[in-house]
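Here the structure comes first, spelled out in structure tokens, and everything after it is commentary.
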Amino acid sequence: MTDRLRSQRWYGDDEGARSSFIHRAWMRRGNPAEAPEKPQIAIASTASALAPCNAHLTDIARSVSNGVWEAGGVPLEMPVMSLGETNMRPTAMLFRNLAAMSIEEQIRANPIDGVVLLGGCDKTIPALLMAAASAGLPAIALSGGPMLTGTLAGRRLGCGTDVWRLSEEVRAGTLAPEVFAESEQAMIRSAGHCNTMGTASTMACVTEALGMSLPGTAGLPAPDARLAQAGHLTGRRIVEMVAEDLTPDKIITRAALTNAVIASAAIGGSTNAVVHLLAIAGRLGIDFDLADIDAIGHGIDLLVNLQPSGEHLMEDFHRAGGLRAVLAQISDRLDPTAVTVTGRSLVDEVAGAVVGDPTVISPPTAPLMNNAGLAVLHGNLAPDGAVIKPAAATEALLTHRGPALVFDSIEEFGDRIDDPELDVTPDTVLVVRGCGPRGYPGMPEVGNLPLPAKLLAAGVRDMVRISDARMSGTAYGTVVLHVAPESAADGPLARLRTGDLIVLDVPNRRLDVEVDQAEFDAREHSPEARRSYAAPTRGWTKLYVDTVQQADRGADLDFLVGSTEDTPARESH
């Protein structure tokens with residue numbers, strides 16, 4: 001296999017060549033003399049104390065290393081840019097493309113034959129997959145897994161979901177602030193990412209459904225010893241994949257994307273999966289868009305009873321059989337041509353998986369919700385699309401007509417929403433603009449807008465909300481997101497006015513404003529909104545704002561689409 005290894009372009013020159021001497025000598029450092037002749041495996045680890053959900057990946061990397069050595073490879077831990085969802089401002093999504101670009105270039109620039117992708121927190125797995133897709137080397141992913149279940153006064157706490165729920169109860173005056181503070185200490189009790197079916201859990205499952213991780217690894221709790229075992233097996237498998245030349249473009253196909261959308265619908269996955277799947281498809285030049293996501297997800301029922309769409313948490317999901325058990329029940333809906341990192345089809349890999357607890361994973365004959373796939377809306381408010389998650393919404397609000405209450409920025413919303421004189425009723429449609437990829441910048445998770453305090457006090461717990469932002473996968477409510485084009489790209493939201501009647505019709509996939517179209521088109525762009533848009537003058541943020549695509553294209557940078565290349569660059573010495 002040595003003559004086929006990419007790393008030999010660095011290490012395999014004739015004796016006496018000073019460049020190969022430099023490459024080999026500096027990398028030996030105690031390794032056996034034959035180490036440069038073996039498959040060189042990078043372990044792209046997003047472990048970071050500032051990304052607390054991924055901090056334990058340093059330990060998992062050791063298990064991966066053991067598996068690589070056992071299989072005859074050389075493990076090379078490669079720390080890469082890590083994105084902490086809970087800390088980064090203005091939003092971790094602003095840096096997803098930067099992380100993907102930097103990881104891609106690290107893979108391409110180094111003597112690497114294959115790569116293990118270690119992530120977990122929301123944007124780390126997507127960035128790793130985008131990078132691997134573009135770099136074109138054999139790659140396999142392993143998610144760091146969810147944290148253990150937190151409890152307070154005997155009640156389980158779902159991280160993220162219960163933050164939104166409890167904070168609203170504090171604002172409504174029905175929960176004491178000191179109890180809220182106590183929940184802060186009780187909610188996060190171990191290593192790992194969010195334990196609800198938020199974006200991190202969704203992307204772990206989506207990655208497995210894409211075929212990019214070993215079957216049965218999505219949802220393994222972070223403290224579980226079996227995650228370390230999965231790391232060892234992952235390290236072993238990547239060496240075999242190098243020998244087989246099993247690259248991401250052979251795994252992430254249109255068939256694999258189809259299976260990922262089906263899986264996301266069945267588990268009640270995050271709306272954020274949409275932008276990530278579109279970006280990954282774009283990196284591989286696959287013709288895959290919002291219409292495909294809507295069509296594929298249509299008719300898929302919700303089978304997983306997890307927060308925010310249900311009541312259980314990821315520990316329960318794993319105990320009940322996990323993703324394999326879900327997909328085994330709907331294997332007739334999966335595309336059998338899609339292969340996984342094992343070289344076998346996904347359909348074959350899930351065959352025989354059984355449900356261990358039907359209260360967590362329902363049978364297809366008794367789903368939690370019919371037709372629960374993400375709905376893609378179009379209309380004169382969203383010409384290029386918007387998304388909503390019916391499984392997390394109030395059914396009665398999925399068809400709604402009401403007056404808009406428009407805010408030109410999330411800051412204006414925060415300043416005004418609790419004004420007791422605010423002209424708002426339960427029928428009002430709350431709209432915030434200026435929160436898309438360009439406008440904020442980065443498309444933050446502010447779409448699950450808090451409800452007006454006076455309505456909370458009156459018992460209201462959901463309203464229709466619309467924005468060009470995203471929302472946390474742990475969030476819930478009748479929330480329309482990713483409106484495209486965004487207002488900063490001169491989308492229709494920029495011309496919406498308070499009092500305009502908005503019609504939401506999810507069954508018919510429509511989002512419209514009832515204003516004469518000629519009059520609506522002739523309106524001026526809101527000057528207040530325009531003043532709120534980002535206007536960077538330098539650095540990454542300027543590059544991002546100048547080149548980012550809209551949400552319906554995955555919010556990737558336009559010059560990163562459609563490139564897969566693993567050819568080493570020119571010699572360095």
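The structure presented is a predicted model; accordingly, all values stated were derived computationally and were not measured. Numbering starts at 1 and runs along the sequence shown.
- Of the residues listed (V429, V406, V513), the one engaging D500 in a side chain to side chain contact (heavy atoms under 4.5 Å, CB included) is V513, and it is the only one.
- To the nearest 0.5 angstrom, E178 atom CD is 8.5 Å from L175 atom CG.
- We find the CG-CZ distance between L83 and R96 to be 10.0 Å, quoted to the nearest 0.5 Å.
- The CG atom of D224 sits 5.0 Å away from atom NE2 of H318, with the distance rounded to the nearest 0.5 Å.
- In the displayed structure, E411 atom CD is contacted under 6.0 Å by more than 12 heavy atoms of other residues, nucleotides or ligands.
- The OH atom of Y476 sits 8.5 Å away from atom CZ of R461, with the distance rounded to the nearest 0.5 Å.
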Run the numbers on Y440 and S532 for side chain to side chain donor-acceptor pair (under 3.5 Å), then give the verdict.
CA-CA 8 Å; Y440 200 75; S532 77; over 6 Å; no
Show your working on salt bridge (charged side-chain N to carboxylate O under 4.0 Å, His left out) between R165 and E169 and close with a plain yes or no.
CA-CA 7 Å; R165 184 184 65 82; E169 296 304 327; 5.6 Å; no
Would you sort out whether V274 and L278 count as a side-chain contact (heavy atoms from CB on, under 4.5 Å), showing the intermediate values?
CA-CA 6 Å; V274 172; L278 292 172; 3.9 Å; yes
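- Judged purely by distance below 3.5 Å, without hydrogens or angles, the side chains of E311 and N305 pair a donor atom with an acceptor atom.
- No option in T199, T202, T474 other than T199 meets the side chain to side chain donor-acceptor pair (under 3.5 Å) test with S270.
- At a cut-off of 3.5 Å, with distance as the only test, a side-chain donor of R433 or S526 sits close to an acceptor on the other residue.
- Take Q229 and apply the side-chain hydrogen bond (donor to acceptor under 3.5 Å, both in side chains) test, not counting sequence neighbours, and it matches no residue.
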Verdict with reasoning, V360 to L306, per side-chain contact (heavy atoms from CB on, under 4.5 Å):
CA-CA 7 Å; V360 179; L306 255 66; 3.9 Å; yes
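- Distance check, rounded to the nearest 0.5 Å: NE2 of H276 to CD1 of I125 gives 10.5 Å.
- For D415, there are no salt bridge (charged side-chain N to carboxylate O under 4.0 Å, His left out) partners at least two apart in sequence or on another chain.
- Interatomic distance, CG of D122 versus OG1 of T124, reported as 7.5 Å (0.5 Å rounding).
- Heavy-atom neighbours of H298 NE2 from other residues, nucleotides or ligands within 6.0 Å: at or below the threshold of 12.
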